[in-house]
Colleague: 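First the structure, then my questions, so here it is.
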Amino acid sequence: MEDKYDFSGLESKWQRVWEETGIYHSDPHPVKPKYYALEMFPYPSGRLHMGHTRNYAIGDVIARFRRMSGFCVLHPIGWDAFGLPAENAAIERGIPPSDWTKTNIEHMREQFRRLGLSYDWRREVASHHPGYYKWTQWLFLRLFKHGLAYRKKAQVNWCPDCQTVLANEQVVQGLCERCSTEVKKRELKQWFLRITDYADRLLENLDNLEGWPEKVKIMQRNWIGKSEGIEAIFKLKGTNDEVKVFTTRHDTIFGVTYLVLAPEHRLVGKIISGSPEEQEIREFIREVTGKSEIDRTSDLTEKTGVPTGAYAINPMSGETIPIWIGNYVLPHYGTGAVMGVPAHDQRDFEFAKKYGLPIKPVISPKTQTKVGEDKVYEDPGIMINSPGFNGTESEVAKDAIADFMEKRGLGNRATNYRLRDWLISRQRYWGAPIPIVYCNSCGIVAIPENELPVRLPLDVEFTPGGQSPLNYIPEFVNTRCPKCNGPAKRETDTMDTFMCSSWYYIRFTCPRMEDKAWDRETADYWLPVDQYTGGVEHAILHLMYSRFFTMFLHDIGLLKTEEPFARLLTQGMVLKDGIKMSKSKGNIVDLKEMLDTYGADTVRLFTLFASPPDRDFEWNEQGVEGASRFLGRVRRLIYEFQHEFNHSDTDYKDIPELMPEDKEMRRKVHTTLEKVTKDLDRYSLNTVIAAVMELVNSLYQFREAAKARVSAGKVMKEAIEIVLLMLAPFVPHITEELWHELGFTDSIHKEDWPDIDKSALFEAEVEIVIQVNGRVRDRMYAPKGKDHKYLESAALKQDRIKEFVGNKEIRNVFVVPDKLVNIVIS
RNA sequence: GCGAGAGUGGCGGAAUGGCAGACGCGCUAGACUUAGGAUCUAGUGGGUAACACCCGUGGGGGUUCAAAUCCCCCCUUUCGCACCA
């Protein structure tokens with residue numbers, strides 16, 4: 001044994017061996033059940049950080065554990081390689097995005113290797129590779145042909161800094177998700193995907209995703225934002241026009257005292273023209289619409305409005321009510337118009353108070369609280385002031401009112417979603433070109449599939465203005481129409497990179513297939529992903545888009561599965577000094593430095609031990625040293641016994657005449673194995689490591705015995721092997737090294753997960769806690785499996801218990817067999 | 001404001017109705033040693049002379065023989081959504 005553990009030499013040695021022998025390669029297996037373990041593929045930003053390390057370490061443990069447990073495991077990795085940072089590097093430093101990306105991938109691939117992750121590298125894919133984006137384009141065309149990709153002119157979110165539009169999902173509180181620049185509105189013709197067609201299924205299927213964190217499902221539910229109500233038709237007084245209003249509170253429709261339109265509402269121009277206040281109203285509209293999205297939607301912004309001078313008729317009560325324009329009505333939700341029920345809606349109440357609009361209660365609380373003009377009542381209750389419905393429960397009246405309105409053509413039931421169609425056009429260079437041309441005579445024409453890919457030109461120049469260079473390459477822009485062969489112009493926008501990442505998990509099943517995106521049979525063999533691991537920041541965007549794609553592909557007969565990810569694990573962040581590690585905060589822990597100082601095994605072990613996978617944890621270098629120390633302890637234990645055993649003899653059942661201490665030790669080994677197996681299954685990785693540490697501590701106490709007698713030595717031998725096998729998924733290098741030191745010639749990573757010997761778990765005696773009035777007062781040993789009566793009387797015979805009980809009356813005795821006796825005295 | 005999670009020693013955390021603080025860090029002492037930032041051994045929630053006993057899982061109340069764990073109210077904190085009619 002060498003004094004110092006030369007992790008760097010050993011780790012790279014084993015990495016080389018694993019690669020050369022291809023032990024992590026996986027192909028469909030005739031007998032073994034499949035298991036698809038996947039971590040979200042990274043953007044090649046240049047280097048791996050601790051967040052990556054944690055993510056991939058967790059995924060690697062899962063993959064390795066399943067492999068040892070007899071599954072045929074697919075565990076691939078690739079690169080989400082299109083995106084803005086590459087382009088920024090080009091603009092700022094003159095490096096072509098393709099070169100920048102290539103260098104970064106090479107560097108990060110090296111870091112992945114150094115971490116000892118068990119990937120099947122033959123399956124590596126990169127989304128910027130023409131062999132990959134060809135199929136991203138093909139997918140776009142599939143969507144296009146099924147009417148799910150369409151082009152329309154719309155108010156879109158424009159980030160002035162990124163010089164591109166953003167999907168709604170990429171706007172966070174009015175700011176660009178990437179660069180936090182304030183997002184502006186622009187009217188542009190853009191490509192959208194009809195994800196809203198799938199809103200109901202995206203929502204309903206969530207209930208079946210039992211392996212997903214509730215938190216993520218709730219976020220998706222909120223994002224889809226389904227709400228059911230009615231669209232009521234309000235006729236305008238004196239004209240034939242009508243305003244439709246969406247409401248979920250049609251039980252309060254008799255309480256409507258005014259309507260409010262969004263400034264953008266299509267009737268606004270018509271109803272205000274000619275009004276004496278037209279100028280003031282136009283001024284108000286200009287002011288509101290000129291405001292940024294944040295200013296307009298912040299709840300700090302006061303609700304303001306102006307009367308239009310027009311009136312509408314309440315379809316139910318027949319009352320004439322004024323029409324207003326308000327800053328708080330959103331043009332893109334529902335019908336862009338709302339009914340004001342100040343008695344039963346907080347916002348309407350504030351608005352009505354401010355402008356002196358009437359407040360008319362129509363629902364009375366069931367408990368006899370007073371409804372007044374100075375209080376809002378938003379809960380259900382009993383209908384009042386609603387001729388024909390008075391006295392009914394408001395929740396019941398909802399249906400009756402809806403029926404009534406539908407019968408008389410006053411409105412209909414309607415469902416609204418907050419989810420909007422996915423805007424995928426990006427005015428950027430470094431992305432997959434949208435495979436479309438615009439022909440003067442044929443209009444929008446799809447590129448035929450056999451002409452894919454539409455290649456992204458690589459020799460381009462960047463202007464500091466930040467505009468996509470594609471517009472300035474005549475050879476790219478000017479083309480021929482595939483239909484009529486006439487002159488045509490290519491679409492110069494590229495696709496949102498989320499399109500690339502919405503299907504990569506399918507491509508991994510057939511990464512090099514050239515004539516198809518994938519082979520249906522192979523994809524169906526591997527999919528769905530059994531365990532997906534990644535950051536919670538993708539809870540909505542990536543995870544919902546991927547679900548949408550998978551459903552679509554299922555519907556057009558290209559995939560069996562309807563959901564891509566059966567189980568999802570969202571890992572917590574790695575913090576330093578209480579905050580997220582980030583370059584700008586200057587609290588980065590450098591992975592390379594850590595690997596150089598401690599080695600991959602130690603870094604992996606610490607990140608997995610520090611806290612449960614789904615919780616945040618604080619980086620602590622002393623903790624890293626603790627992990628390193630533990631590995632040293634394991635290593636010393638094994639070297640101490642390395643030469644004590646004959647390794648051809650592996651039949652543990654044949655252990656002769658175990659002394660009670662030996663049996664006890666062996667029981668500890670197998671109870672640990674039992675706990676570790678159970679905890680791995682539920683991804684409680686930190687407690688797995690703790691349990692192994694505890695076992696190793698016990699084995700240290702057992703060293704003398706193990707040397708002194710043969711039976712104990714055998715127990716030690718078995719224990720050592722099980723310890724290495726249990727640690728193998730966590731620290732693959734050192735366990736591999738020590739496994740070979742023990743005399744095994746094949747890789748530990750090809751071993752089966754050890755079996756729990758149920759007979760070793762047997763315990764003749766158990767410790768029983770004795771409580772008096774719920775407080776622990778004594779303990780005793782008793783044979784296992786003794787009944788209530790036995791334990792009760794045994795407990796009462798204990799001296800200390802006698803003292804406590806004295807001659808007080810025993811009121812009750814509770815017994816938990818093999819665990820506890822609680823004596824209740826007065 | 002709404003929704004979800006979290007709150008346990010000096011620190012990271014364990015225990016999901018039955019011994020609170022497993023395991024690790026840190027700290028204390030001892031052994032080995034030329035040396036110790038290596039290693040091994042022991043100790044380490046607070047009060048206390050004490051291994052007795054009392055107190056103790058954000059605060060308050062409750063259910064129970066028994067509560068960190070279940071219920072109610074409140075506080076703090078993190079994350080998500082935020083005028084969605």
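Computed from heavy atoms alone, side chains included, the values below leave out hydrogens, waters and symmetry copies. Letters A, B, ... are given to chains in the order of the sequence lines, protein chains preceding strands, and every chain is numbered from 1.
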Colleague: Taking the P atom of each, how far is G46(B) from U57(B), in whole Å?
Modeller: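 These two P atoms come out 15 Å apart once rounded.
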
Colleague: If the threshold is 4.0 Å, N to carboxylate O, is there a salt bridge linking Lys303(A) and Asp348(A)?
Modeller: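 No, Lys303(A) and Asp348(A) are not salt-bridged.
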
Colleague: Which value, in whole Å, describes the distance between the C1' atoms of nucleotides A49(B) and C54(B)?
Modeller: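 About 15 Å, rounded to a whole number of Å.
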
Colleague: Not counting sequence neighbours, which residues clear ring pair (Phe, Tyr, Trp, His ring centres under 6.0 Å) with Phe498(A)? List them please.
Modeller: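 Phe498(A) satisfies ring pair (Phe, Tyr, Trp, His ring centres under 6.0 Å) with Tyr545(A) once adjacent residues are dropped.
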
Colleague: Side-chain N or O of Arg777(A) versus OP1/OP2 of C53(B): is the shortest distance under 4.0 Å?
Modeller: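 Checking Arg777(A) against C53(B): at least one side-chain N or O falls below 4.0 Å of OP1 or OP2.
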
Colleague: Out of C83(B), C40(B), G18(B), which has the shortest distance to the side chain of Lys303(A)?
Modeller: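 Among C83(B), C40(B), G18(B), the one nearest the side chain of Lys303(A) is C83(B).
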
Colleague: Taking only the side-chain nitrogens and oxygens of Arg347(A), find out if one of them lies under 4.0 Å from OP1 or OP2 of G1(B).
Modeller: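 No, because none of the side-chain N or O atoms of Arg347(A) sits under 4.0 Å from OP1 or OP2 of G1(B).
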
Colleague: Could you go over nucleotides 25-30 of chain B and give all protein N or O partners under 3.5 Å, atom names and distances?
Modeller:
unit_1	atom_1	unit_2	atom_2	d
C25(B)	OP1	Arg629(A)	NH1	2.8
G26(B)	OP2	Arg629(A)	NH1	3.3

Colleague: Taking atom P of C11(B) as reference, at what distance in whole Å does atom CD of Glu618(A) sit?
Modeller: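 Going from CD in Glu618(A) over to P in C11(B) covers 12 Å.
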
Colleague: Take nucleotides 44-51 of chain B nucleotide by nucleotide from the 5' end and write B, S or -, depending on whether a protein heavy atom sits under 4.0 Å from the base, only from the sugar-phosphate, or from neither.
Modeller: --------

Colleague: Going by an N to O cut-off under 4.0 Å, is there a salt bridge joining Lys707(A) and Glu640(A)?
Modeller: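 Salt bridge: yes.
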
Colleague: Does Arg221(A) put a side-chain nitrogen or oxygen below 4.0 Å from OP1 or OP2 of G80(B)?
Modeller: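 No, outside the criterion.
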
Colleague: Check whether any side-chain N or O of Tyr700(A) sits under 4.0 Å from OP1 or OP2 of C40(B), and answer yes or no.
Modeller: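 For C40(B), OP1 or OP2 has a side-chain N or O of Tyr700(A) closer than 4.0 Å.
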
Colleague: Taking for each residue the nucleotide of RNA chain B with the nearest heavy atom, is it Ala337(A) or Glu694(A) whose nucleotide lies nearer the 5' end?
Modeller: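 With Ala337(A) and Glu694(A) compared, the 5'-side residue is Glu694(A).
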
Colleague: Would you call Lys668(A)-Glu694(A) a salt bridge at under 4.0 Å N-O?
Modeller: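 Between Glu694(A) and Lys668(A) there is a salt bridge, with a charged N closer than 4.0 Å to a carboxylate O.
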
Colleague: Using atom CD of Gln170(A) as one end and atom C1' of C81(B) as the other, report the distance to the nearest whole Å.
Modeller: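 That distance rounds to 18 Å.
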
Colleague: Whole angstrom is fine here: how far is it from CD in Glu378(A) over to P in C2(B)?
Modeller: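 Result: 11 Å.
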
Colleague: Which nucleotide wins on minimum distance to the side chain of Thr248(A), given the candidates A85(B), G13(B), C23(B)?
Modeller: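 The answer is A85(B), which lies nearest to the side chain.
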
Colleague: Can you tell me how far apart CG (Leu791(A)) and CG (Leu796(A)) are? Round to the nearest 0.5 Å.
Modeller: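 It is 11.0 Å, given to the nearest 0.5 Å.
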
Colleague: Answer syn or anti for G62(B), where the cut-off is 90° from 0 on the glycosidic torsion.
Modeller: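 Anti, which is what one calls it when the glycosidic angle falls more than 90° from 0.
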
Colleague: Is the phosphate of A14(B) approached by Asn686(A) (side-chain N or O, under 4.0 Å from OP1 or OP2)?
Modeller: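 For A14(B), OP1 or OP2 has a side-chain N or O of Asn686(A) closer than 4.0 Å.
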
Colleague: Measure CG/Leu608(A) against C1'/G13(B) and give the value in whole Å, please.
Modeller: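 Distance, rounded to whole Å: 15 Å.
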
Colleague: Would you list the atom pairs, donor with acceptor, under 3.5 Å between side chains in residues 609-617 of chain A and any protein atom, with sequence neighbours excluded?
Modeller:
unit_1	atom_1	unit_2	atom_2	d
Ser611(A)	OG	Arg54(A)	NH2	3.2
Ser611(A)	OG	Arg615(A)	O	3.4
Asp616(A)	OD1	Met573(A)	N	2.7

Colleague: When we call it a touch if two heavy atoms are under 4.0 Å apart, what does Val329(A) touch: a base, just sugar-phosphate, or nothing?
Modeller: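 Base contact.
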
Colleague: Measure the spacing between CZ of Phe630(A) and CE of Met693(A) and express it to the nearest 0.5 Å.
Modeller: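 Phe630(A) atom CZ to Met693(A) atom CE measures 5.0 Å (nearest 0.5 Å).
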
Colleague: With Arg547(A), which residues qualify under side-chain hydrogen bond (donor to acceptor under 3.5 Å, both in side chains), at least two apart?
Modeller: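 Residues passing side-chain hydrogen bond (donor to acceptor under 3.5 Å, both in side chains) with Arg547(A): Gln220(A), Glu563(A).
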
Colleague: Is there a side-chain hydrogen bond (donor to acceptor under 3.5 Å, both in side chains) between Thr533(A) and Tyr683(A)? Walk through the geometry before answering.
Modeller: CA-CA 11 Å; Thr533(A) 310; Tyr683(A) 307 134; over 6 Å; no

Colleague: Within this structure, what is the CH2-to-C1' distance between Trp223(A) and A4(B), rounded to whole angstrom?
Modeller: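 Value for this atom pair: 17 Å.
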
Colleague: Between Asp818(A) (CG) and G18(B) (P), how many Å, whole number?
Modeller: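 Spelled out: CG on Asp818(A) to P on G18(B) is 16 Å.
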
Colleague: Which value, in whole Å, describes the distance between the C1' atoms of nucleotides G47(B) and U39(B)?
Modeller: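 Looking at atom C1' only, G47(B) and U39(B) are 36 Å apart.
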
Colleague: Between U78(B) and A67(B), how many Å separate the two C1' atoms, rounded to a whole number?
Modeller: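 Between the two C1' atoms, the distance is 26 Å.
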
Colleague: Using 4.0 Å as the upper bound for N to carboxylate O, is an ion pair formed by Arg347(A) and Glu350(A)?
Modeller: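 Result for this pair is no, no salt bridge flagged.
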
Colleague: Output all residues satisfying side-chain hydrogen bond (donor to acceptor under 3.5 Å, both in side chains) with Tyr598(A), sequence neighbours left out; order by chain, then residue number.
Modeller: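 Tyr598(A) satisfies side-chain hydrogen bond (donor to acceptor under 3.5 Å, both in side chains) with Glu621(A), Glu625(A) only.
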
Colleague: Between protein and nucleotides 64-72 of chain B, map the contacts as a letter string: B base, S sugar-phosphate only, - none, heavy atoms under 4.0 Å, written 5' to 3'.
Modeller: -B-------

Colleague: Say we look at G60(B) and C65(B): how far apart would their P atoms be, to the nearest angstrom?
Modeller: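 23 Å, rounded to whole Å.
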
Colleague: Does Gln701(A) have a side-chain nitrogen or oxygen under 4.0 Å from the phosphate oxygens OP1 or OP2 of A42(B)?
Modeller: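 Checking Gln701(A) against A42(B): at least one side-chain N or O falls below 4.0 Å of OP1 or OP2.
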
Colleague: Counting side-chain heavy atoms from C-beta on, which of C19(B), G12(B), A85(B) comes nearest to Glu767(A)?
Modeller: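 It is C19(B).
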
Colleague: Provide the distance between the two C1' atoms, one in C73(B) and one in C23(B), to the nearest whole Å.
Modeller: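 Rounded to whole Å, the distance is 36 Å.
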
Colleague: Can you tell me the distance, in whole Å, between the CG atom of Asp616(A) and the P atom of G12(B)?
Modeller: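 Spelled out: CG on Asp616(A) to P on G12(B) is 12 Å.
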
Colleague: Can you sort out the partners of Lys819(A) under salt bridge (Lys or Arg N to Asp or Glu O under 4.0 Å), two or more places apart, ordered by chain and number?
Modeller: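 Salt bridge (Lys or Arg N to Asp or Glu O under 4.0 Å) check on Lys819(A) returns nothing, list empty.
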
Colleague: Looking at C19(B), C84(B), A22(B), which one has an atom nearest to any side-chain atom of Leu330(A)?
Modeller: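 Closest nucleotide among those given: C84(B).
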
Colleague: Side-chain atoms of residues 809-816 of chain A: list all donor-acceptor pairs with protein atoms under 3.5 Å, sequence neighbours left out, distances to 0.1 Å.
Modeller:
none

Colleague: For A85(B), does either OP1 or OP2 sit under 4.0 Å from a side-chain N or O belonging to Ser227(A)?
Modeller: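 True: Ser227(A) side-chain N/O within range (under 4.0 Å) of A85(B) OP1/OP2.
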
Colleague: For Lys354(A), enumerate each residue passing the side-chain hydrogen bond (donor to acceptor under 3.5 Å, both in side chains) test, keeping only those at least two apart in sequence or located in another chain.
Modeller: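 Checked Lys354(A) against side-chain hydrogen bond (donor to acceptor under 3.5 Å, both in side chains); matches are Glu302(A).
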
Colleague: Need to verify one output field. Residue with the more 5' nearest nucleotide on RNA chain B, Met219(A) or Arg418(A)?
Modeller: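 Comparing both residues, the 5'-ward one is Met219(A).
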
Colleague: Using a 3.5 Å limit for the pairing distances, which stems of at least 3 consecutive Watson-Crick or G-U wobble pairs does RNA chain B take part in?
Modeller: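 Stem segments, range with range: B:1-7 with B:75-81, B:10-12 with B:23-25, B:26-31 with B:39-44, B:45-47 with B:53-55, B:58-62 with B:70-74.
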
Colleague: Would you measure the distance from the C1' atom in G7(B) across to the matching atom in G59(B) and give it in whole Å?
Modeller: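 Their C1' atoms lie roughly 12 Å apart.
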
Colleague: Please report the distance, rounded to the nearest Å, between NZ in Lys217(A) and P in A4(B).
Modeller: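 Atom-to-atom, Lys217(A) to A4(B), this comes out as 14 Å.
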
Colleague: Between C27(B) and U16(B), how far is it from one C1' atom to the other, in whole Å?
Modeller: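 Going atom to atom, C1' in each nucleotide, I get 32 Å.
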
Colleague: For Tyr700(A), is the NZ or CZ atom of Arg633(A) found under 6.0 angstrom from the centre of its six-membered ring and inside 45 degrees of the ring axis?
Modeller: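 Yes, Arg633(A) and Tyr700(A) form such a contact.
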
Colleague: Return the set of residues passing side chain to side chain contact (heavy atoms under 4.5 Å, CB included) with Lys802(A) (not counting sequence neighbours), or none when no residue passes.
Modeller: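 Side chain to side chain contact (heavy atoms under 4.5 Å, CB included) list for Lys802(A), sorted by chain: Asp799(A).
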
Colleague: Assess the residue pair Trp422(A) and Glu169(A) against the criterion (side-chain hydrogen bond (donor to acceptor under 3.5 Å, both in side chains)); give the C-alpha distance rounded to whole Å, side-chain angles, the decisive distance to 0.1 Å, and a yes or no.
Modeller: CA-CA 8 Å; Trp422(A) 174 16; Glu169(A) 289 81 355; 5.6 Å; no

